[in-house]
There are 2 protein chains.
Amino acid sequence: MPLTEDRAVQATRVTISDVADAAGVTKGTVSRALNDYPDISEATRTRVLRKAKQMGYQPLAQAQAIKTGRTRTIGLVLQTDIPGAQRPFLSDFLAGLSQTASDASWTMTVATSAGGQEMLTTIKRLVQERKADGFILPRTFANDERVTLLRTLKVPYVLYGRLQDIQDSAWFDILGEEAMRDAVLRLAQHGHQRIGFVNGGSEYNFSRLRAAGFENGMNEARLDIDESLITGDAMTREQGTAATLGMLARSLPPTAIVFAVDMAALGAYDAAEKHGLVIGQDLSLISYDGIPECQWVRPQLTSFRVDSQMAGSRLASLLIRQIRGEDPTTLRESAKAMLWPGGSDGPPRRSPIEIARIVRSGQEHNSCETGGTA
Amino acid sequence: MPLTEDRAVQATRVTISDVADAAGVTKGTVSRALNDYPDISEATRTRVLRKAKQMGYQPLAQAQAIKTGRTRTIGLVLQTDIPGAQRPFLSDFLAGLSQTASDASWTMTVATSAGGQEMLTTIKRLVQERKADGFILPRTFANDERVTLLRTLKVPYVLYGRLQDIQDSAWFDILGEEAMRDAVLRLAQHGHQRIGFVNGGSEYNFSRLRAAGFENGMNEARLDIDESLITGDAMTREQGTAATLGMLARSLPPTAIVFAVDMAALGAYDAAEKHGLVIGQDLSLISYDGIPECQWVRPQLTSFRVDSQMAGSRLASLLIRQIRGEDPTTLRESAKAMLWPGGSDGPPRRSPIEIARIVRSGQEHNSCETGGTA
DNA sequence: TTCGGTTACGAAACCGGTTTCGGCAAGTCT
DNA sequence: AGACTTGCCGAAACCGGTTTCGTAACCGAA
C-alpha cells in the first residue's frame, strides 16, 4: 500500500499536523517534542520523534521563521570590486560552505556588492528580510564596517581572518604567519643568508601577521634583517615586479625573497627575466596562497597553499554553532597552510655581489621567442 | 521627532498591519492593493501604495511563502566535481546573477554538489524546503537529468546553454557557433588556407554547435574542410597538446587551428614549443572562453570572451519572469562572444609543407631557460 | 482524605502575510 | 420602484509552525 493518497505523485509536504495526527497528539506537543522542551515526557518524545522520522517530516524553515525569526540560512556577501580577489578559490570555498551547511539542513544565500556602503545595505536587507541568520565575512579589513554593523544589529557573524581588535568575534584563519616563518626557515636551510620580504596591502589585517611571521623566521634562523629588503603593498603582478626590481637594485641584493601574496610573486618572474636571472637558481622565491598560476609558470612557484574548501567548511560550522547559541569567544579555529613545493626555490647559485654585478651590468636581457611568462 | 517609538534603535520591521492602520484599511485590503487584485479601487490602491512606500514596507518573503509557496529566491546548484570547470567565471557569474536578483528584491541561494544523483537530491531538498522558487542550470548536458526532474516537479528553470531537445525550456546562451565562424573568417582573411579545428567534449551540447559554426565559417570562406584536421574531446591542456601534435604530424599540417575551448588551446603552446614553432607566426590560434590565462601566455591567446556577468544577469531576469508566469518558450535570449585579440593569430609565415618539414626534422627543440609556458 | 505542588499535555493565541466569503452601497435594468 | 448587478472592502479563515496559558492527572505529605 502506498502512503500517498494525494493525486500528485510528488506528494505534498508532510506538515506538523500530519505528524500530530499520526502520533495522536496536538501539533503543539509535536513542536515541543522536536524542539527539546523540558515539559514533554520521555515516552511521548520518542514516540513523536519516531513518527516524524518515519514520515520524513522536515519543518518548513520559513514557517518557523515568522515566529522564531530564524531560517537556518547562512549569508555570504561577496565583494566584486576587488578584481580577481578570491576568484580562483571561490568555487572551493563555496563548496566547503554549502557542504557543511547542507549536512546540517542549512542553506546558503549569497549576495554580491560592489563594496563599502552598498555592501552594508545588502547585509541590512538580508537581515530585514530574514534571508540570513548570520554571516560569513571573508577578507576582513583592519577596521571593518561590516563588523560594526553586525555587532550593533546583534546578528551573528564569523570572520575569515582574525581582526586586530578581536573583541568578541568568532573567527577562522589560516596561519599565514607560520607559513612565512617556515618559508624563511626553508630558505635558510637551502643556505640563503640575505632574504627579502614583500608584503601585501597594509589595509589587510593578514599583512601585519605575515610580516611578524617573517621576522620570527629570520630570528629563529639567526639571520640579520635588513630593513631595506622589506617592502609591502604588493598585491598585483606589476607591484610585485616593481618591488623585486627595487630590491635587486640594492648594492647587496637578496638571493631569496619571501612573498606574502602569490600574485605579487609572479611579478618577480618578470623582474628576474629582465635582468636575465634564473628563478630558483639566481633568485629563490617562496610565496603564499596557492593560486593555480603557480603551476603555470616555469619553474613552478613554491607556495603555501590554502585549503579553501576546508576553510569554508569550518566557517560554516562555526557560524551555525554560534547562531545556535554558543559563545563566540569559544568559536575560534585556525589551520596551517600546506607547502606546495615548486622549482622556484633552491640553494643559491650566486652570491649577492655577483647578482648585484649582473643587475648593474645593465643591458636588458632578451627573452627567447618561444615562451617566457611575460 | 524620530519615528521610532521602540526601544531598539534598529526598529522592528514595519508589517502589513502597520501599513493597514496607517492607511485606515484592513491588512487584507493592503495585501490586495499591493498584489494588484482587480477589486480594489484606484483611489485606495494609490493611497495604500504611497503609505507603504513612505513607511518603507517590504513584505516578509517567508511569511508570504507559507501561503503562496514562493519566496522570491532563485536557486543555483553548482557542480564541484568538474575540476576548474567554471572556476574563473564563477565570481562574475554570481555577481551578474545576484545583482539583477537583488534589483528585483530577489535573493539567491546557492548549493553545491558533487554531481549526478547528489545534485538531484539537493534540488529536491531546496524545492521541498521552499528555498528556491526556480533554478538556473549551468553547463547543460546533451541529456540532462536535472531538466527531467524539474519538469516533472513543475518547477521553473532556465538553462545556460541550449539543449538539443529544447522542448519548452527557457534558455540563455552565448552564440559559440558564431564565434567559431568568425574565427575561421578572421584566419581566412589573414590568408590561411589549411585550418584545423579542435572541439570540446562531445558530451556537452555546445560542442555540436561549435563544430557547425566552424564548418559554416569554412564554407563561407570557400575553404576545403579536411576531416583529418578536425578532432574533439579536448577540454584540458594536455588533451589540447595531444590534439595539436596529432595535426602537426599530418603530411600537410594546418597553418592555423581554431579551438572550442581555451584550456585546450593553451596546450597548443606546448606542442608548438616542442617543435620550435612560433605561435602567431608559424601557427595561428584562435580560441573561445576568454579565461584569464589567455593573457598570461606569450603571445597572448586570441580568444572569444564570454561575458559571464552579463550572462548571469540575463539568466536571473529570464528566470524571474518565468516564475512570475511568463511562457518559457518566449523566454529565450542569446548574445555574442566578444573577440579579444591577442598575438596568437596573424598571417601565415610558413606554408604547410615547410611546417611539415620542420616537424619531421624531428629534433626536440630546447626552450630557453628563462621562461616557456611549459 | 484533603491539600499543595509537579508533570505533561491540550487549547488557543500568535507570527505576517494571503485568500475566501459575504455584505453594503451605488448603479443598472425592467 | 423593486430586483439584479457590480464594485469595493471588512471580517475571518488559513498557511505551518511556535509559544503561552490553563488544567487534568498524578504525586507525596499532612
Side-chain angles (χ1 to χ4, degrees), chain A residues 6 11-49 51-52 55-73 105 127-131 133 324-325, chain B residues 6 11-49 51-52 55-73 105 127-131 133 324-325:
Chain A
D6 306 78
T12 55
R13 299 185 60 263
V14 16
T15 72
I16 197 172
S17 300
D18 299 336
V19 178
D21 290 348
V25 293
T26 59
K27 56 179 190 166
T29 305
V30 174
S31 173
R32 278 171 296 192
L34 295 178
N35 293 322
D36 286 328
Y37 273 61
D39 60 344
I40 293 289
S41 72
E42 210 42 55
T44 35
R45 186 193 309 286
T46 53
R47 185 158 46 93
V48 167
L49 250 62
K51 255 318 187 216
M55 301 176 71
Y57 170 66
Q58 266 293 97
L60 201 56
Q62 66 257 17
Q64 304 180 292
I66 71 180
K67 267 301 247 192
T68 64
R70 298 205 266 109
T71 48
R72 292 201 304 276
T73 308
S105 285
V127 170
Q128 278 270 321
E129 297 189 11
R130 312 245 169 102
K131 296 242 182 169
D133 299 340
R324 285 189 177 148
Chain B
D6 308 77
T12 54
R13 299 185 59 262
V14 17
T15 72
I16 197 171
S17 300
D18 299 335
V19 178
D21 290 348
V25 293
T26 61
K27 56 179 189 164
T29 304
V30 174
S31 173
R32 279 172 295 192
L34 295 178
N35 293 322
D36 287 329
Y37 273 60
D39 61 343
I40 293 289
S41 72
E42 211 42 55
T44 36
R45 186 193 310 285
T46 53
R47 184 157 47 94
V48 167
L49 249 62
K51 256 314 188 217
M55 299 174 72
Y57 171 67
Q58 267 290 97
L60 202 56
Q62 67 257 15
Q64 303 179 294
I66 70 180
K67 268 300 249 193
T68 65
R70 298 205 266 109
T71 47
R72 291 201 304 276
T73 308
S105 285
V127 170
Q128 277 271 322
E129 297 190 10
R130 311 244 170 102
K131 297 242 182 168
D133 300 340
R324 286 188 177 149

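Below, chains carry the letters A, B, ... as their sequence lines are ordered, and counting in each starts from 1.
- The CG atom of A/N35 sits 17 Å away from the P atom of D/dG16 (whole-angstrom rounding).
- The interatomic distance linking A/Q64 (CD) with D/dG16 (C1') rounds to 9 Å, in whole Å.
- We find that CD of A/E129 is positioned 15 Å from P of C/dG16, with the value rounded to whole Å.
- For A/R47 (side chain) and A/A23 (main-chain N/O), a donor-acceptor pair under 3.5 Å exists by modelled atom type.
- For the residue pair B/T71 and A/K131, no side-chain donor N or O sits within less than 3.5 Å of a side-chain acceptor on the partner.
- The CZ atom of A/R13 sits 8 Å away from the C1' atom of D/dG16 (whole-angstrom rounding).
- For B/Q62 and D/dG17, the CD to P distance is 14 Å, given to the nearest whole Å.
- The side-chain contact (heavy atoms from CB on, under 4.5 Å) check on A/T46 picks up A/E42, with sequence neighbours excluded.
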Its contact letters, B for base, S for sugar-phosphate only and - for none at protein heavy atoms under 4.0 Å, make nucleotides 7-15 of chain D read -BBBB--BB
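- Atom CD in B/Q58 sits about 10 Å away from atom P in C/dG17, given to the nearest Å.
- A salt bridge is absent between B/R13 and B/D18; no separation between the charged side-chain nitrogens and carboxylate oxygens falls under 4.0 Å.
- Summary of helix geometry: the two end axes of the helix from C/dT1-D/dA30 to C/dT30-D/dA1, each defined by five base pairs via their C1' atoms, are inclined to each other by 60° (rounded to 10°).
- Not one side-chain nitrogen or oxygen of A/Y37 sits closer than 4.0 Å to the OP1 or OP2 atom of C/dC9.
- Regarding A/L34, its CG atom lies at a distance of 12 Å from the C1' atom of D/dT18, rounded to whole Å.
- Looking at every heavy atom in both residues, A/K27 comes nearest to A/A20 through N-CB, 3.6 Å.
- Under the 4.5 Å side-chain criterion, counting only non-hydrogen atoms from C-beta, B/Q128 is not in contact with A/Q58.
- Under the 3.5 Å distance criterion, the side-chain polar atoms of A/R45 are matched with a main-chain donor or acceptor of A/Y37.
- Pairing each heavy atom of B/Y57 with each of B/L34, the nearest pair is CE2-CD1, 3.5 Å.
- The distance between atom CG of B/D18 and atom C1' of C/dG17, rounded to the nearest whole Å, is 13 Å.
- Of the two residues contacting DNA chain C, namely A/A43 and B/L60, the nearest-nucleotide position lying further toward the 5' end is that of A/A43.
- No donor-acceptor pair closer than 3.5 Å links the side chain of A/R32 to the backbone N or O of A/D39.
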